[in-house]
Engineer: 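After the structure tokens below, expect a handful of questions from me.
Each ligand, and each atom within it, is numbered from 1 in the order the structure gives. Each residue takes its place number in the sequence, starting with 1.
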Amino acid sequence: MKILVINGPNLNMLGIRQPEIYGKTTYEDLKAMISAEAERLGVAVDFFQSNHEGALVDAIQQAYFDRVDGIVINPGAYTHTSVALLDAVKAVSTPTVEVHISDPETREEFRHVSYIRAACVATVKGRGLEGYLEALRLLAKRDS
Ligand code: CA2
């Protein structure tokens with residue numbers, strides 16, 4: 001089983017800024033944590049991060065052409081704005097889990113809507129970086 005973990009804008013800043021919201025773990029540490037869990041689950045994992053909406057759409061489409069079995073995505077702020085990401089996930093119909101480190105629904109009103117959610121098989125939010133591992137486990141379980 002192959003899983004692609006996609007992170008959207010500013011998530012490359014993990015551990016560098018705003019530790020009170022997003023924690024002290026860096027993006028590189030996060031990738032290592034996910035890789036360790038993937039190994040434990042016996043799944044192959046790949047990573048993509050971009051600050052650009054179109055590049056995220058391209059990565060979702062590429063996952064389809066690469067026959068990826070599942071996508072874990074934290075679309076960052078594009079969660080609340082992007083019909084293009086929603087359409088991309090719908091188009092590929094690859095099982096996709098939406099992850100948020102914080103719980104956007106307890107934050108500002110503009111974070112309460114998620115466009116991509118409608119195309120996802122599950123949403124994990126407010127669990128910190130552990131949420132990515134949970135999403136990985138959800139996808140691995142669906143495949144077994
Ligand atoms: O809680 C989440 O994971 C979010 O998807 C994070 C987004 C935010 O726009 C969403 O509403 C909720 C922001 C990501 C910014 O990441 C940073 C990480 C470290 C330092 C600064 C920003």
Engineer: Can you name the residues that come within less than 4.0 Å of ligand 1, going by heavy atoms only?
Structural biologist: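 Near ligand 1, by chain and number: Pro9, Asn10, Leu11, Met13, Leu14, Arg17, Gln18, Tyr22, Asn74, Gly76, Ala77, His80, His100, Ile101, Ser102, Arg111.
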Engineer: Checking one residue: Ile16. Which other hydrophobic residues are in its cluster under the side-chain 4.5 Å linking rule?
Structural biologist: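 When side chains under 4.5 Å apart are linked, the cluster holding Ile16 also contains Met13.
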Engineer: Can you label the angle between the His80 ring and the His100 ring as parallel, tilted or perpendicular, going by 30° and 60°?
Structural biologist: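 Parallel: the ring planes of His80 and His100 meet at under 30°.
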Engineer: Do Lys31 and Val5 have side-chain heavy atoms sitting under 4.5 Å apart?
Structural biologist: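 They are not in contact (no side-chain heavy atoms under 4.5 Å apart), so the answer is no.
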Engineer: Scan the side chains in residues 65-72 for donor-acceptor partners under 3.5 Å anywhere in the protein, sequence neighbours excluded, and list what turns up.
Structural biologist:
from, atom 1, to, atom 2, distance (Å)
Asp66, OD1, Gln62, NE2, 3.1
Asp69, OD2, Lys2, N, 2.7

Engineer: Got a sec, which residues hit side-chain hydrogen bond (donor to acceptor under 3.5 Å, both in side chains) with Gln61, two or more places apart in sequence or on another chain?
Structural biologist: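 Not a single residue meets the side-chain hydrogen bond (donor to acceptor under 3.5 Å, both in side chains) criterion with Gln61.
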Engineer: If we only count heavy atoms from C-beta on, is the Val57 to Ser82 side-chain gap below 4.5 Å?
Structural biologist: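 In short, these two side chains do not touch, never coming nearer than 4.5 Å.
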